[in-house]
Amino acid sequence: MWHVAKASVIGTSHQRMSLPCQDSHYVLQQGDTIIIAVSDGLGSAAHSEQGSALACTTAVEFISQTLAQTATRNDEHMCQQAFTEARNALVALATSQGKELRDFACTLVVAVITPTVWMIQHIGDGAVVGMYADGAVRTLSSPDNGEFINSTYPLTSSDYQTQMRFMAQHEALAGIAVVSDGVQPMCINYKTSAAFPGFFSPLTTWLSGLKELSRADSILTTMLDSPQFRLKSDDDMTLVLAIRAS
């Protein structure tokens, strides 16, 4: 149902500091629906790479199970509960390791795309861009950095429930892209949050025409690790691109 390419690569700034890649992603296809999560572990958190990975898998698996088990559901409540489940998993992880919850601080964005509806739950930075059959692209969810550009709201904050945003619309998407803040400078306008067609159009054409989909992730990884991308961002970079098969 979907052509998918996904990759997370370590930023050069993290390489210089001997830090791991703190970005994570997780994708699950369920029939003609796709669920995508991207999380950026905060650089100031000691074990944020663990937090971002756990947040992604927990939220996506919860939504997948809810979609499979519940014929009549409240989509907003489902997505909010997915974030609560992800945060609870981080609390349990911190407790089991004898560490503070803030040691696993991370952002989280989850997109659920069905044939007729898209929904997004989001806390912190990162962005979601929708692709349409006529070639247009539109930012569906913008980064939220709070008062300062170098700050953001993590899932581990005590007031996380008031910082989450839910968006949904009944419309068909031809594709979806979910990115971490390391890719933001290349794909959306900082001031207006408008998506750059020149960034997404070549990627959409490439993935739509790719015959060996098993190579998609490795090709995208090489792309993000290229000098052209590295010149524009020294942060960890995550990009998940999904195009509906024609």
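- Annotation for Val178 and Ala111: closest pair CG2-CB, 4.2 Å, computed over non-hydrogen atoms.
- Leu19 shares a hydrophobic cluster with Met17; the chain of contacts runs through ILVMFWY side chains whose heavy atoms sit under 4.5 Å apart.
- The distance from atom CE of Met78 to atom CD of Gln81, rounded to the nearest 0.5 Å, is 11.0 Å.
- For Asp225, the side chain to side chain donor-acceptor pair (under 3.5 Å) partners at least two apart in sequence or on another chain are Arg230.
- Under a 3.5 Å cut-off, the side chain of Ser208 and the backbone N or O of Thr205 do not form any donor-acceptor pair.
- Judged by distance alone, with hydrogens and angles left aside, the side-chain atoms of Asp235 form no donor-acceptor pair with the main-chain N or O of Gly11 at under 3.5 Å.
- Scanning all heavy atoms of the two residues, the minimum distance from Leu241 to Thr204 falls at CD2-N, 4.4 Å.
- Under a 3.5 Å cut-off, the side chain of Ser64 and the backbone N or O of Glu61 do not form any donor-acceptor pair.
- Counting heavy atoms from C-beta on, the side chains of Thr238 and Val179 never come closer than 4.5 Å.
- Val117 and Ile34 fall into different hydrophobic clusters, where Ile, Leu, Val, Met, Phe, Trp and Tyr residues are linked whenever their side-chain heavy atoms come under 4.5 Å apart, directly or through other members.
- Taken from CE in Met237 to CG in Leu220, the straight-line distance is 10.0 Å, to the nearest 0.5 Å.
- A donor atom on one side chain and an acceptor atom on the other are found under 3.5 Å apart for His25 and Ser8.
- Minimum interatomic distance between Ala177 and Met131 (heavy atoms only, all atoms of both residues): CB-CE, 3.7 Å.
- Of the inter-residue distances, the one linking Ile36 atom CD1 with Cys56 atom SG reads 11.0 Å to the nearest 0.5 angstrom.
- Taking the side chain as every heavy atom from C-beta outward, Ile113 and Ile35 never approach each other to under 4.5 Å.
- Each of Leu173 and Phe199 belongs to its own hydrophobic cluster when Ile, Leu, Val, Met, Phe, Trp and Tyr are linked at side-chain heavy-atom distances under 4.5 angstrom.
- No donor-acceptor pair under 3.5 Å is formed between the side chain of Arg165 and the backbone N or O of Ile120.
- Annotation: side chain of Val112 is in contact with side chain of Leu67 (closest heavy-atom distance under 4.5 Å).
- A donor-acceptor pair under 3.5 Å is absent between the side-chain atoms of Asp125 and the main chain of Asp181, judged by distance alone.
- In this structure, a donor-acceptor pair under 3.5 Å is absent between the side chains of Gln121 and Glu76.
- Note that CG of Leu54 is 8.0 Å distant from SG of Cys106, once rounded to the nearest 0.5 Å.
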Starting from the C-alpha separation in whole Å, work towards a yes-or-no answer on side-chain contact (heavy atoms from CB on, under 4.5 Å) for Ile176 and Val129. CA-CA 6 Å; Ile176 189 84; Val129 174; over 6 Å; no

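- When the side chains of ILVMFWY residues are joined at heavy-atom separations under 4.5 Å, either directly or via intervening members, Met119 and Val128 end up in two distinct hydrophobic clusters.
- Between the Thr84 side chain and the Gln80 main chain, a donor and an acceptor come within less than 3.5 Å of each other.
- Not one N or O on the side chain of His47 forms a donor-acceptor pair closer than 3.5 Å with the backbone of Asp103.
- With no hydrogens or angles considered, a side-chain donor-acceptor pair links Asp23 and Ser180 at under 3.5 Å.
- In this structure, Gln29 has no side chain to side chain donor-acceptor pair (under 3.5 Å) partners at least two apart in sequence or on a different chain.
- Between Leu239 and Lys6 there is no side-chain heavy-atom pair separated by less than 4.5 Å.
- Taking the side chain as every heavy atom from C-beta outward, Asn189 and Phe196 approach each other to under 4.5 Å.
- Between the side chains of Tyr160 and Arg87, not a single donor N or O lies within less than 3.5 Å of an accepting N or O.
- With Thr139 contributing its side chain and Ser193 its backbone, the two residues share a donor-acceptor pair below 3.5 Å.
- With hydrogens and angles left out, the side-chain atoms of Ser52 and Ser39 include no donor and acceptor closer than 3.5 Å.
- Under the 4.5 Å side-chain heavy-atom criterion for ILVMFWY residues, a single connected hydrophobic cluster contains both Leu207 and Leu224.
- Looking at residues two or more places apart in sequence or on another chain, you find no side chain to side chain donor-acceptor pair (under 3.5 Å) involving Ser218.
- When all heavy atoms of Thr162 and Asp159 are compared, the pair lying nearest together is OG1-O, 2.8 Å.
- Note on residues 200-232: no pairs pass ring pair (Phe, Tyr, Trp, His ring centres under 6.0 Å), not counting sequence neighbours.
- Put simply, CG on Leu155 and CG on Asn88 are 9.5 Å apart, with the number rounded to the nearest 0.5 Å.
- When side chains are defined from C-beta on, Leu203 counts as touching Met223, because their heavy atoms get closer than 4.5 Å.
- Cluster membership for Val4 and Val109, using ILVMFWY side-chain heavy atoms within less than 4.5 angstrom, is shared.
- Counting only distance, with no hydrogens or angles, the side chain of Thr57 and the backbone of Ala53 share a donor-acceptor pair below 3.5 Å.
- For Arg138 against Trp118, the heavy-atom pair with the smallest separation is NH2-CZ2, 4.2 Å.
- Look at Arg16 and Asp234 and you find a salt bridge, because one of the NZ, NE, NH1 or NH2 atoms lies within 4.0 Å of a carboxylate O, short of that distance.
- Residues Phe104 and Gln97 have side chains in contact (heavy-atom distance under 4.5 Å, counting atoms from C-beta outward).
- Proximity of Phe83 to Val110: side-chain heavy atoms (C-beta onward) are separated by under 4.5 Å at one or more points.
- By the side chain to side chain donor-acceptor pair (under 3.5 Å) test, Ser141 pairs with His122, sequence neighbours left out.
- Rounding to the nearest 0.5 angstrom, the gap separating the CD atom in Glu100 from the OG1 atom in Thr95 is 9.5 Å.
- No donor-acceptor pair closer than 3.5 Å links the side chain of Thr33 to the backbone N or O of Thr114.
- Residues Tyr132 and Ala174 share a closest heavy-atom pair of C-CB, 3.8 Å.
- Remark: the Thr58 side chain and the Glu85 side chain contain no N/O donor-acceptor pair separated by less than 3.5 Å.
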